[in-house]
Each structure stands twice: as structure tokens, then as C-alpha cells.
J.: 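Handing you this structure, nothing more for now.
Excluded from the calculations below are hydrogen atoms, water molecules and symmetry mates; all remaining heavy atoms, backbone and side chain alike, are included. Everything numeric here is computed off the predicted structure, so don't read it as measured data. In what follows, chains are A, B, ... by sequence order, proteins preceding strands, each numbered from 1.
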There are 2 protein chains.
Amino acid sequence: MRTMRPLVHPSIEDITVEGILHALSDPVRAAIYAELSISSGATCSNFLKISDRDIPKSTLSQHFRALREAGLIRSERQGVEMRNSTRCEEINQRFPGLIMTIMKAHQIQAAERMRATKRKQGSGRSRVG
Amino acid sequence: MRTMRPLVHPSIEDITVEGILHALSDPVRAAIYAELSISSGATCSNFLKISDRDIPKSTLSQHFRALREAGLIRSERQGVEMRNSTRCEEINQRFPGLIMTIMKAHQIQAAERMRATKRKQGSGRSRVG
DNA sequence: TCTATAGTTCATAAGTTACGAACTACAGGA
DNA sequence: TCCTGTAGTTCGTAACTTATGAACTATAGA
């Protein structure tokens with residue numbers, strides 16, 4: 001029976017800007033990271049449904065791996081599940097403001113999209129579900 | 001004779017955070033953007049050599065297209081060449097601090113790498129070229 | 001030991017990127 | 001007008017990356 005390869009967490013000096021940007025340039029990963037920075041300790045399966053989209057378990061697992069190996073999150077096994085938390089304090093030491101500003105930009109964009117959707121719904125007058 | 005497709009510059013509201021992060025997650029594109037933000041008006045061919053690496057012309061052209069279509073730069077034909085400039089003021093309006101913080105992080109990383117290289121060279125004592 | 005739940009790995013299909021060769025675009029002569 | 005040189009783009013394809021289902025490992029609890 002083959003054993004599983006251990007989780008990889010780069011040390012803070014091995015984290016790269018390119019890696020961070022690439023990891024957060026994916027909307028699913030950005031959403032996961034945003035959620036984790038609010039409610040630390042969430043598991044992989046908490047994200048099987050993300051903004052009305054179904055993400056397969058194997059895909060999610062890869063996204064968590066990408067975030068982990070870019071140095072953005074830390075994952076720890078706790079019984080049968082995996083608890084995840086951000087490494088934002090560490091990263092903020094090394095690249096001040098980077099993560100915060102990126103997440104803020106994502107927020108601004110989400111708010112704009114929300115407004116755009118509302119406008120469209122409003123112009124349609126009393127939709128039928 | 002087939003005519004060439006015109007340059008695409010997204011309007012400011014069509015620029016996305018994902019697009020910006022993805023474009024700047026490539027080290028060549030980040031270097032191009034950094035250079036443009038210092039010396040506006042540089043052309044594509046100014047980057048055929050970038051930090052000791054030769055980049056083929058066709059690859060460079062694609063990198064400029066990526067930056068342009070992500071909304072990061074504006075390109076204008078001027079005679080036989082193409083003048084490029086950043087759209088940082090516009091983007092800064094929409095996503096305050098985003099570009100600046102990313103470029104700052106790239107700088108920090110470049111400075112660290114420089115120091116690491118110097119340490120290595122120093123420990124080797126009087127290399128031969 | 002059996003079962004259920006959580007997550008990973010692997011194979012591969014689908015998508016993206018890099019780059020040489022051939023092209024378009026323009027300027028400045030002849 | 002045609003020719004030549006320089007700047008940049010496009011296209012085909014090889015190399016790389018990402019998404020996903022099926023099969024797996026890992027752990028807890030009965």
C-alpha cells in the first residue's frame with residue numbers, strides 16, 4: 001500500500017510574489033482564501049459549492065494544494081478532516097500590504113458585480129423564479 | 001492580403017483583478033511593466049533582452065498583448081514602432097493601491113535575490129569571468 | 001474489522017503558453 | 001510606384017498546465 005506524500009508548506013523566504021499572484025488570480029482560489037481569512041479553520045469540503053458553482057472534490061483538493069504550495073495557507077490534519085488557515089501575518093511581514101490590497105480589490109470588484117446584477121434584475125421588474 | 005486585427009484595450013470597468021494578477025504573475029511581464037512604469041513610451045523591441053535572458057520577438061509580442069488585454073498598458077502605433085505606457089492612474093482609481101503594492105512587493109523580492117546572489121559570490125572569493 | 005467520511009493521487013482530456021516561420025505595417029529612399 | 005529595412009503580429013504546433021472522474025489513502029467510530 002503506497003503511502004501519501006506529506007503536505008508541503010514553503011518557508012516564508014521561499015514564498016514568491018509570482019506564486020502569490022498566480023494563486024490568487026484564480027477566482028475559486030481567491031474565494032477560498034477570502035473565506036479562510038474571515039473564518040479560519042474551514043475544511044476543503046466546505047467549498048464543494050462556491051458562489052453557486054459545484055466544484056469537484058479532486059479539483060478543490062488541487063486548489064488547496066496550489067494555495068498551500070504558494071505559501072498562502074497552512075493545512076493541518078485534524079482527525080478525518082483538514083483545517084486550513086491563512087499565513088497572512090507572515091506574508092505581511094515580508095510583503096507589506098500585498099495580500100490585504102489584493103483582497104480589498106477583489107471585494108471592490110465583487111461589490112461592483114453585485115450592483116450590476118441588481119440593476120439588471122431591477123430593470124426586469126418582478127421576475128418569476 | 002489579410003488585414004491585422006486592431007489593438008484591444010478594455011475599458012476601465014472591464015478590467016478584472018484576476019486579469020491583473022494573472023498578467024503580473026509572469027516574471028517577464030512584471031519586469032516589462034516595472035520598466036514601463038519608470039520609462040513610459042518604451043517599445044516591444046526594447047525588451048528583447050531582459051535580465052540576461054533573450055526573449056524571442058513573437059513571445060514578447062504575446063506578453064505585450066497579455067498586458068494590454070488585461071488593461072495594464074496602452075499601446076499606440078507611432079510610425080513603424082509601438083509606444084507603450086501604463087494605465088496605472090486609471091487602475092488606481094478603481095483598485096486603490098493594487099498596482100503600487102504589487103510592484104513594491106516585486107521590488108522587495110528583487111532586492112532580496114540581489115543580496116542572496118552577492119552573498120554567494122562573496123563566499124566564492126575572486127571568481128574568474 | 002467494517003463502514004463512513006475527508007481528502008489525495010493518477011490518468012487523461014481540455015486548455016494555455018512559447019516560439020520559429022511567415023506574415024502585415026509603416027517610413028524613407030530610388 | 002516599387003524596393004528595402006525595421007517593428008511588430010499571426011499561425012501552427014510542441015510543450016506545459018489545469019480540470020476531473022475513478023481509485024486510492026487516512027482516520028474515527030461502531
Side-chain angles (χ1 to χ4, degrees), chain A residues 1-9 16 18-32 35-36 41-51 53-70 72-85, chain B residues 1-9 16 18-32 35-36 41-51 53-70 72-85:
Chain A
M1 191 210 263
R2 287 183 50 54
T3 179
M4 246 151 164
R5 85 154 175 49
L7 300 184
V8 173
H9 291 101
T16 67
E18 297 91 313
I20 293 175
L21 298 188
H22 180 252
L24 294 179
S25 73
D26 179 281
V28 172
R29 286 193 295 260
I32 291 172
E35 184 58 34
L36 281 180
T43 69
C44 196
S45 301
N46 292 157
F47 298 95
L48 285 167
K49 197 146 208 145
I50 206 166
S51 47
R53 225 160 74 70
D54 287 319
I55 317 282
K57 211 162 57 130
S58 61
T59 303
L60 263 191
S61 176
Q62 298 297 359
H63 281 314
F64 273 87
R65 176 142 94 107
L67 288 168
R68 187 166 54 238
E69 300 194 348
L72 283 162
I73 66 171
R74 195 176 291 284
S75 314
E76 288 170 291
R77 184 173 276 280
Q78 208 156 95
V80 78
E81 54 191 23
M82 212 65 132
R83 302 253 151 224
N84 297 283
S85 54
Chain B
M1 191 211 265
R2 287 184 49 56
T3 180
M4 248 150 164
R5 84 160 178 42
L7 301 183
V8 173
H9 291 100
T16 66
E18 297 91 313
I20 291 175
L21 299 188
H22 180 251
L24 294 180
S25 73
D26 180 280
V28 172
R29 287 194 294 263
I32 292 173
E35 183 58 33
L36 282 179
T43 69
C44 195
S45 302
N46 293 158
F47 297 94
L48 285 168
K49 196 144 209 145
I50 207 166
S51 45
R53 225 159 74 71
D54 287 317
I55 316 281
K57 212 160 56 127
S58 61
T59 304
L60 263 191
S61 177
Q62 299 296 358
H63 281 315
F64 274 87
R65 177 141 93 106
L67 287 169
R68 187 166 55 237
E69 300 194 349
L72 283 161
I73 65 171
R74 194 175 290 286
S75 315
E76 288 171 292
R77 187 173 273 281
Q78 208 155 96
V80 78
E81 54 191 24
M82 211 67 131
R83 302 255 150 221
N84 297 282
S85 53

J.: Just how far, in rounded Å, is P of dC16(D) from NE2 of His22(A)?
T.: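 Whole-Å distance recorded here is 16 Å.
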J.: Report yes if the side chains of Arg29(B) and Gln62(B) come closer than 4.5 Å at any heavy-atom pair, otherwise no.
T.: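 The answer is no; the side chains never approach within 4.5 Å.
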J.: With respect to Leu7(B), which candidate in Arg77(B), Met82(B), Arg65(B), Glu76(B) satisfies the side chain to side chain contact (heavy atoms under 4.5 Å, CB included) definition?
T.: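 In the set Arg77(B), Met82(B), Arg65(B), Glu76(B), the residue that makes a side chain to side chain contact (heavy atoms under 4.5 Å, CB included) with Leu7(B) is Met82(B).
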J.: Do Glu35(B) and Asn46(B) have side-chain heavy atoms sitting under 4.5 Å apart?
T.: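 Sidechains of Asn46(B) and Glu35(B): no contact.
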J.: Round to a whole Å and report the spacing from CZ of Phe64(B) to C1' of dA18(C).
T.: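 Checked: the CZ to C1' distance equals 16 Å.
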J.: Please find the pair of heavy atoms, one from Pro27(B) and one from Glu18(A), that lie closest to each other, and give the distance.
T.: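 Heavy-atom minimum between the residues: CB-OE2, 4.0 Å.
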J.: Atom CD of Glu69(A) to atom P of dT18(D): distance rounded to whole Å?
T.: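 Value for this atom pair: 12 Å.
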J.: I want to verify a distance call: between dT17(C), dG7(C), dT10(D), whose nearest atom is closest to the Arg5(B) side chain?
T.: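 My answer, after comparing the listed nucleotides, is dT10(D).
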J.: Atom CG of Leu7(A) and atom C1' of dT9(C): how far apart are they, to the nearest Å?
T.: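 Computing the Leu7(A):CG to dT9(C):C1' distance gives 13 Å.
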J.: Taking atom P of dT5(C) as reference, at what distance in whole Å does atom CG of Leu48(A) sit?
T.: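 In whole Å, dT5(C) P and Leu48(A) CG are 13 Å from each other.
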J.: Do any side-chain nitrogens or oxygens of Ser61(A) fall under 4.0 Å of OP1 or OP2 in dT9(C)?
T.: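 No, because none of the side-chain N or O atoms of Ser61(A) sits under 4.0 Å from OP1 or OP2 of dT9(C).
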J.: Find out whether Ser75(A) and His9(A) are in side-chain contact, i.e. whether some heavy atom of one side chain is under 4.5 Å from a heavy atom of the other.
T.: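 Yes - at least one pair of side-chain heavy atoms lies under 4.5 Å apart.
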J.: Send over the distance from Arg83(B) CZ to dA25(C) P, rounded to a whole Å.
T.: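 About 20 Å, once rounded to whole Å.
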J.: Using a cut-off of 4.0 Å between protein heavy atoms and nucleotide atoms, how would you tag nucleotides 19-30 of chain D 5' to 3' with B, S and -?
T.: SBBB--SBBS--
J.: Can you check the Asn46(B) CG to dA7(D) P distance for me, whole Å?
T.: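 Answer to the nearest Å: 9 Å.
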J.: Mind listing the closest non-hydrogen atom pair of Phe47(A) and Ala42(A) along with its distance?
T.: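 So the two residues come closest at CE1-CB, 4.0 Å.
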J.: Could you give the CD1-to-P distance, from Ile32(A) to dG7(C), as a whole number of Å?
T.: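 Roughly 11 Å, once rounded to whole Å.
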